[in-house]
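The structure under discussion appears below in the form of structure tokens.
Chain A is the first sequence line, chain B the second, and so forth, proteins listed ahead of strands; every chain is numbered from 1.
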Protein chains: 2
Amino acid sequence: MASMNDVATRAGVSIATVSRVLNNNGNVNEATRAKINKAIKDLKYQPSRVAKRLRSKSISSNLLGVLIPDIENPFYVDVLRGIEELAYNNNYAIIMCNFGQDEKKEKLYLEILQSEAIDGLIVAPAREDDPLLKKMVKDGLPVVCVDRGLKDSNVDVVLVDNVTGAFTAVDYLIKSGYKRIAYIAGLVEIPSSLLREKGYRKALEANGIPFEKELVRFGDSKHKSGVELCEELLKLTNPPDAIFTGNNLITLGALETIHKRKLRIPEDIAIVGFDDMQWSSSLNPPLTAVRQPAIEIGKRAVELLIQRIQDPERSCIQMTLNTQLIERSSS
Amino acid sequence: MASMNDVATRAGVSIATVSRVLNNNGNVNEATRAKINKAIKDLKYQPSRVAKRLRSKSISSNLLGVLIPDIENPFYVDVLRGIEELAYNNNYAIIMCNFGQDEKKEKLYLEILQSEAIDGLIVAPAREDDPLLKKMVKDGLPVVCVDRGLKDSNVDVVLVDNVTGAFTAVDYLIKSGYKRIAYIAGLVEIPSSLLREKGYRKALEANGIPFEKELVRFGDSKHKSGVELCEELLKLTNPPDAIFTGNNLITLGALETIHKRKLRIPEDIAIVGFDDMQWSSSLNPPLTAVRQPAIEIGKRAVELLIQRIQDPERSCIQMTLNTQLIERSSS
DNA sequence: GTGAAAGCGCTAACAT
DNA sequence: ATGTTAGCGCTTTCAC
């Protein structure tokens, strides 16, 4: 790989001048500029982002970190798509890390990201009070949280109105005539699991239905826990007539169990899922779902992050997007 | 962020000694080692990967690049999961780029990756004769191709037996009694589209069924082209009685069209898709599919890449994994 | 066993 | 308009 020095030598100038034409600052003679540009072409020179990054924290290295909990979950994939698209448009590359809901892994990735000297970070933190992350924020790293917040910290947050989203889903089930509605939740530690439970409870209450503990099950936010917890619910002496599932993967798992038991949806058991997917209409049956604007979340996050990089002093924003109930035939 | 210098100062030694204890090479007195370790703890020192990377090409920077065509496609997401898992186990971080089948974007990302001084690259190239990529390989960057190869180049390749996979699917359809079988393919430029067509043709031939041009449609490998090309096929005066779809997204798109037209599967039209998904059994109807071992592909790629990083001279390997036909009820 | 110093590729202040 | 140089944080050779 040719270096700036090589270019300078070939063009018969100093590296400073090369740097000037590269970054387009400072005056430089048209003739020398041409010479240098030719040398760059000839040598197929490409500036080293690494050296640039090392040199000055002050200048943008055009590298963003993204740290997400679970790439298996199509919701996060969509968020990622949004992030990737807008980052690309703004000339940022992305270093993507997936911690699979594993806190140890998250910590390692945070350290790596830090030591890669990224310009900013988009993260869905494992815990709302992650100490390492909080420290990084305090140390001045621009951070935007998605899907989950970070307590007592100076970060922008992009999320969705989980309470209302869950409320709408459960209320819709009740209005459709279902009486015993279960909720299969994700990890207890994740705020959205709790917020969705809150919405669930509110809907019951608003319709005068008593809350029953046995109808709410917390799992680990993955496919398998959807399978198993649904199994548990259906085995109840007094099983539910409808299920509200806490995320994409759980929905798919629950569906699997229901199909295995040859139950009809929605006649035997209705289901409404949190998170819509592009192919939810091709599921059996087409799934009624609470749609989060995942791509939009990703884009907004990048937007806020770039703003913060450019102006670290600007006060923080909490952006709450709305969910939308997509009515199909599973309920 | 504390630097090595800070640590050295605090421990009252030179940076060389700090470097020695950090990298565990060269002798160093137990007492000084202790002092240094304490200083590291006190300052929460973290080495800069950037500086390390800049300093020496010779040493591993523990950074791998991954360049994939389409993160919307669950197949690539699974490959990515495999990559991520094994990379993590081997202490590598990943810089992930998604070029969305856009060659311009691919080129930009290749340049970025290069200038980030990655240790190695896993890529599913847009074209088999990508000149920039070929140059990077020639310049000594360790590269492993997945899903697609790179012509005349010294790279390891991990892929799947596309011909046999397609053959099995189409042969299965024929054996099940279908006579007019269509193939909705992905982009013509992508080798796997062609190889799967080859398998499709071979199966027709083996069963004495004439090839009909109007039954094969090439699209852009995305959901939307699945929707549209399926529409075209169903509108034919003599429409197919079965469809073989060239990838995940196409399958989902085709399914959407079939459902929109209220056709029964498989009575009115059967479908077998290339690529299985975790939730294919929850589709309507459960999808018969050609399963690629996507996670395995990712893992193998990392394995080969790390080997190549450690021994650039080792001769190249082309690893072909088998597909598996998962019989469900869409055919 | 430890330190001094060169250098990786670049930017930016200072000279000329 | 252009060149010289210090320095970003680290590794590594060569002294001591």
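OP1 or OP2 of D/dC10 has not a single side-chain nitrogen or oxygen of B/S19 nearer than 4.0 Å. Distances shorter than 4.0 Å separate some side-chain N or O of A/T32 from OP1 or OP2 on D/dT2. For A/S14 and D/dG3, the shortest distance from a side-chain N or O to OP1 or OP2 is below 4.0 Å.
With respect to the salt-bridge test (charged N to carboxylate O, under 4.0 angstrom), the residues B/R308 and B/D156 qualify. With respect to the salt-bridge test (charged N to carboxylate O, under 4.0 angstrom), the residues B/K38 and B/D42 qualify. Under a 4.0 Å N-O distance rule, the pair A/E85/A/K299 qualifies as a salt bridge. Between A/K135 and A/D139, at least one side-chain N (NZ, or NE/NH1/NH2) sits under 4.0 Å from a carboxylate O, which counts as a salt bridge.
In this model, a side-chain donor or acceptor of B/R20 finds a partner on the base of C/dG3 within 3.5 Å.
Rounded to whole Å, atom P of D/dG9 lies 17 Å from atom CG of B/N23. The interatomic distance linking B/D6 (CG) with D/dG9 (P) rounds to 8 Å, in whole Å. Whole-Å rounding puts the B/N24 CG to D/dT12 P distance at 14 Å. One can place CG of A/N25 at 15 Å from P of C/dC10, the figure rounded to the nearest angstrom. Between the C1' atom of D/dA1 and the CD1 atom of A/I36 lies a distance of 11 Å, rounded to the nearest Å.
Using a 4.0 Å heavy-atom distance criterion, A/I15 is classed as a base contact.
Taking only side-chain atoms of A/N27, from C-beta outward, the nucleotide of C/dT2, D/dG3, D/dA1 with the closest atom is D/dA1. Side chain of A/T17, nearest nucleotide from D/dG3, C/dG3, C/dT2: D/dG3.
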Measure all distances between protein nitrogen or oxygen atoms and nitrogen or oxygen atoms of nucleotides 7-9 of chain C, and list the pairs falling under 3.5 Å.
from, atom 1, to, atom 2, distance (Å)
C/dG7, N2, B/R55, NE, 2.6
C/dG7, N2, B/R55, NH1, 3.3
C/dG7, N3, B/R55, NE, 3.4
C/dC8, O2, B/R55, N, 3.3
C/dG9, N2, A/A51, O, 3.4

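Nearest heavy-atom pair across B/L63 and B/Y92 is N-CD2, 3.7 Å.
Under the side chain to side chain donor-acceptor pair (under 3.5 Å) criterion, B/D220 pairs with B/S225, not counting sequence neighbours.
For A/K107, the NZ atom counts as loosely surrounded, since its 6.0 Å shell holds 12 or fewer non-hydrogen atoms of other residues, nucleotides or ligands.
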